[in-house]
Amino acid sequence: MTALLEVSDLIKTYGTGEAATRVLRGLSLRLEAGEMAALLGPSGSGKSTLLTILGTLMKPTSGSYVMLGQDMIAADDRALTGFRNAHIGFVFQFHNLLPDFTALENVVFPTAVRDGRETPAARARGRDLLTRMGLAERIDFPTANLSGGQKQRVAVARALMNSPELVLADEPTGNLDRASAMQVMDLIGQINREEGTTFMISTHDEKIAAVCRRQIVVGDGVVTG
Ligand SMILES: Nc1ncnc2c1ncn2[C@@H]1O[C@H](COP(=O)(O)OP(=O)(O)OP(=O)(O)O)[C@@H](O)[C@H]1O
Ligand SMILES: [Mg+2]
């Protein structure tokens, strides 16, 4: 398999002096293209920190990060913004949807921003993704009127809109009941198989982790399993 990304000896320290907290302590990790990986570890072990670094939203204190052959540490903010929009999708526990906008508008929004306008092709892809997420009947509903599970499926569709190679999901099913959580995971698994999209999903739920082909465990600032 080809490495989609590789990080080596990542160190991340928040704050300085007496208040300094070293969260990542030389963490190394390689993700192959097409993997579906769960990210596990106790609360405070640094899962969100790692996802934020992998998402190029924050730089580590030190260490190396190469994704798709490019040096993510040397890249400046402008380059990283472009790279992120093209190659990385995000799903968070609190989906951050715009409540007054419809499901379709929420999904198409990032692409419309990128392109400077909403194109018919983008709308068509948005409809297709929402249909695949089982939301064909809800495409034109304001997201304020959707259930938690439906909102989270809209957030997954939005993350997939620009066909990213990597989707980083931070406890995407954290506030869903078991059935909705499994439905979201099934759909993620389907996209992973059909489009080869790589997923890294942090969770505290062993059953959610078991759906993933690989489990990565973080503890004491490194990968422990
Ligand atoms: N901006 C910040 N400034 C200072 N400390 C921070 C900051 N963000 C996170 N931390 C600390 O870093 C540690 C790791 O936090 P992180 O959010 O990465 O953990 P996590 O594994 O995602 O936990 P959880 O499972 O509860 O979401 C925690 O001790 C946290 O308090
Ligand atoms: Mg977290």
Side-chain angles (χ1 to χ4, degrees), residues 4-31 35-67 72-73 75-77 80-81 84 88-97 148-149 151-156 158-160 164 166-178 180-182 184-185 188 192 197-225:
L4 173 70
L5 66 85
E6 189 157 14
V7 289
S8 300
D9 294 322
L10 282 187
I11 291 179
K12 177 64 194 178
T13 307
Y14 288 112
T16 52
E18 299 242 313
T21 318
R22 181 160 286 196
V23 178
L24 303 183
R25 299 165 175 268
L27 183 145
S28 298
L29 175 70
R30 183 184 150 111
L31 267 191
E35 280 200 284
M36 181 155 161
L39 183 61
L40 295 157
S43 183
S45 58
K47 300 181 298 297
S48 296
T49 299
L50 177 60
L51 290 174
T52 307
I53 291 172
L54 295 181
T56 74
L57 294 165
M58 176 174 73
K59 286 195 179 172
T61 307
S62 65
S64 70
Y65 177 13
V66 175
M67 177 169 167
M72 296 291 120
I73 304 296
D76 62 21
D77 284 349
L80 288 179
T81 302
R84 200 183 304 130
I88 306 177
F90 296 91
V91 185
F92 299 104
Q93 179 172 3
F94 304 101
H95 43 74
N96 311 57
L97 298 176
K151 282 179 190 155
Q152 212 48 313
R153 284 184 273 147
V154 174
V156 173
R158 180 183 54 184
L160 295 168
L166 174 66
V167 173
L168 299 168
D170 199 355
E171 300 191 48
T173 61
N175 55 3
L176 302 182
D177 61 49
R178 166 85 51 211
S180 309
M182 281 304 172
V184 169
M185 289 306 292
I188 285 177
N192 169 259
T197 312
T198 306
F199 285 87
M200 185 156 182
I201 304 162
S202 85
T203 180
H204 286 284
D205 186 333
E206 297 286 344
K207 289 204 170 67
I208 295 294
V211 179
C212 299
R213 283 192 296 279
R214 178 178 174 194
Q215 286 79 36
I216 298 164
V217 185
V218 180
D220 293 327
V222 296
V223 173
T224 58

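In listed order, ligands and their atoms are each counted from 1. Each residue takes its place number in the sequence, starting with 1. Side chains are part of it too, since the values below use all heavy atoms of this structure and drop only hydrogens, waters and symmetry mates.
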Side-chain donor/acceptor of Gln152 to backbone N/O of Pro172, under 3.5 Å:
yes
If the condition is side chain to side chain contact (heavy atoms under 4.5 Å, CB included), which residues does Phe92 pass it with, not counting sequence neighbours?
Phe90, Asn96, Asp170
Asp205 backbone acceptor or donor facing Thr203 side chain under 3.5 Å
yes
Cut-off under 2.8 Å, centre the Mg ion (ligand 2), protein N/O/S atoms
Ser48 OG
Does atom CZ (Arg214) have a neighbourhood of more than 12 heavy atoms from anything else shown, all under 6.0 Å?
yes
Measure the shortest side-chain to side-chain distance between Met67 and Ile88 over non-hydrogen atoms and say whether it is less than 4.5 angstrom.
yes
Which residues pass the side chain to side chain contact (heavy atoms under 4.5 Å, CB included) test with Lys151, sequence neighbours left out?
His95, Leu97, Leu146
Are Glu35 and Leu4 side-chain neighbours, meaning at least one heavy-atom pair lies under 4.5 Å?
no
Can you work out which protein residues put a heavy atom within less than 4.0 Å of ligand 1?
Tyr14, Val23, Pro42, Ser43, Gly44, Ser45, Gly46, Lys47, Ser48, Thr49, Glu171, His204
Thr198 (side chain) donor-acceptor with Leu166 (main chain) under 3.5 angstrom
no
Let me know which of Leu31, Thr224, Leu40 forms a side chain to side chain contact (heavy atoms under 4.5 Å, CB included) with Ile216.
Leu31
